[in-house]
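These numbers come from a predicted model, not from an experiment. Order of appearance sets the numbers: ligands from 1, and atoms from 1 within every ligand.
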Amino acid sequence: MARARPLKIGITCYPSVGGSGIMASELGEELAARGHDVHFISYERPFRVPQDRPRLTFHPVVINDYGLFKYPDYTLPLSVKMAEVSRSVGLDVLHVHYAVPHATAAILARDMLPLGKKPKVVTTLHGTDTTLLGRDPGYGPAIAHALACSDAVTTVSEYLRRETLEVMSVTRPIEVIYNFFEPRAPTRSRAAVRRELGLGARAMLLHVSNLRAPKRIDLLLEVAARIRPKDAFKLVVLAGASWAPFEKEVRRLGLTDRVIVRERVTDIEDYLQAADLGLFTSEMESFCVSILEAMNFACPSVAPAVGGIPEVTVSGKTGELVPFGEVDTMARAVEALIKNPAERRKLGAAAKARARKFFSADAIVPLYEALYRRVCAQ
Ligand code: GMT
């Protein structure tokens with residue numbers, strides 16, 4: 001059978017630390033490794049996109065800070081760059097991650113191009129583009145329009161698909177394609193990382209996030225303050241933003257010697273392999289990539305049963321899910337797992353198996369490739 005021709009794929013995402021940008025970057029890297037020609041279009045090179053990979057090109061969007069505008073505009077220069085890249089390389093597909101403003105810019109770019117040069121637009125919704133902005137009367141109608149005009153729309157969980165249909169009264173089909181994670185090899189040994197953190201025999205609880213409001217760092221610290229005995233653990237936070245705003249609360253709760261923070265870590269696998277338990281307290285997550293990252297290193301998580309989290313990890317089998325906001329229940333669940341390494345190992349092994357079976361690049365990337373080919377054939 002003849003091999004299908006490689007595709008030319010444009011990817012737009014937020015380049016900073018955040019699940020949607022990380023997912024888009026990993027997807028681009030995987031697609032390039034599978035022979036496709038991948039073009040990232042954004043205001044900065046996404047931070048996990050390697051510099052030296054064949055078939056991976058970055059096209060920066062330059063924004064002029066004209067004095068006549070009170071608010072600088074990104075949507076128009078982005079759409080112009082999308083159209084320019086599309087025209088010059090002949091993009092088959094423009095895959096945008098996070099609807100605002102990427103989906104709107106993609107539709108505009110497609111409209112600007114002549115027939116025969118128009119890429120198919122695939123929009124992937126990641127979370128707050130539906131759950132927050134979709135509900136905002138200043139954004140919702142524009143997002144709904146961009147979704148209606150996209151050639152395909154995907155969400156990263158069934159939960160987010162249902163929310164999108166309801167919040168924006170969407171009637172078009174939406175496909176669920178879950179996030180995936182392909183771990184890189186750690187650069188240091190587990191023992192070396194644990195030494196760096198001064199853990200001794202204590203359990204290492206790991207929290208990885210961008211610290212934004214929905215992550216509810218207040219609850220994370222509250223749970224940590226209630227875990228007994230106090231000396232049984234350290235909470236390691238890999239922070240995608242400045243930790244300074246939380247330091248006062250750490251002191252108030254008497255957690256100064258319990259909490260270790262590392263900001264903007266790139267060798268995340270080093271810490272994942274060293275962790276015993278993930279800890280998350282978000283009020284909303286459409287997926288929660290950090291739980292999946294930990295699962296890949298046989299590290300189960302204690303997390304709230306909100307949004308798409310129960311689709312990622314199964315309570316009692318690959319982790320422990322607790323009703324949102326129940327800090328005492330969460331602290332007790334953490335204590336039980338700190339005391340029971342055998343149970344932790346059992347959950348961890350099942351978590352790893354689930355991650356590899358359902359959320360690996362091999363399980364997920366072919367679903368995107370099939371979707372691209374389907375929209376290109378329309
Ligand atoms: O929607 C957001 O809040 C931002 C977004 C991001 O860029 O990190 O997070 C969302 O997308 C991630 C990747 O698909 C998911 O793992 C997060 O659960 C989701 N966040 C929310 O739903 C709050």
query: Mind checking whether Y98 has a heavy atom under 4.0 Å from ligand 1?
result: yes
message: Please report the interatomic distance CG(L235) to CD1(I227), rounded to the nearest 0.5 Å.
response: 7.5 Å
message: Polar contacts were defined as any N/O atom of the residue lying under 3.5 Å from an N/O atom of the ligand; does this apply to D129 and ligand 1?
response: no
message: Does ligand 1 come near enough to C288 that some N or O of the ligand is less than 3.5 Å from an N or O of the residue?
response: yes
Could you list the atoms of ligand 1 found under 4.0 angstrom from a heavy atom of [X]?
{"X": "T128", "value": "1 (O), 2 (C), 3 (O), 4 (C)"}
{"X": "N179", "value": "13 (C), 14 (O)"}
{"X": "V289", "value": "13 (C), 16 (O)"}
{"X": "E285", "value": "17 (C), 18 (O), 20 (N), 21 (C), 22 (O)"}
{"X": "V156", "value": "14 (O)"}
{"X": "G127", "value": "1 (O), 22 (O)"}

From [options] - option closest to [atom] by heavy atom:
{"atom": "atom 15 (C) of ligand 1", "options": "G21, G18, G19, S286", "answer": "S286"}
{"atom": "atom 5 (C) of ligand 1", "options": "A24, C13, S282, S20", "answer": "S20"}
{"atom": "atom 23 (C) of ligand 1", "options": "M284, M23, R212", "answer": "M284"}

task: Output yes when D362 and R34 qualify as a salt bridge under the 4.0 Å nitrogen-oxygen rule, no when they do not.
output: yes
- prompt: When you check the gap from the basic side-chain N to the acidic O, do K120 and D92 get nearer than 4.0 Å?
  reply: no
message: Ring centres under 6.0 Å, that's the criterion: do Y14 and Y98 meet it?
response: yes
query: Under 6.0 Å between ring centres, would you say that holds for F280 and H207?
result: yes
message: At under 4.0 Å between heavy atoms, is it the side chain or the backbone of H126 that contacts ligand 1, or both, or neither?
response: both
- prompt: If you measure from each non-hydrogen atom of L160 to ligand 1, which part falls under 4.0 Å: side chain, backbone, both or neither?
  reply: neither
query: Y178 and F358: ring pair (Phe, Tyr, Trp, His ring centres under 6.0 Å), yes or no, with the steps?
result: CA-CA 8 Å; Y178 287 113; F358 296 112; 8.6 Å; no
task: Sort out for me which residue in R190, K234, R188 forms a salt bridge (Lys or Arg N to Asp or Glu O under 4.0 Å) with E196.
output: R188
field: From CA spacing to verdict: ring pair (Phe, Tyr, Trp, His ring centres under 6.0 Å), Y372, H36
entry: CA-CA 11 Å; Y372 298 156; H36 302 290; 7.4 Å; no
message: Under a 3.5 Å threshold, yes or no: a donor from one side chain and an acceptor from the other, between S286 and H126?
response: no
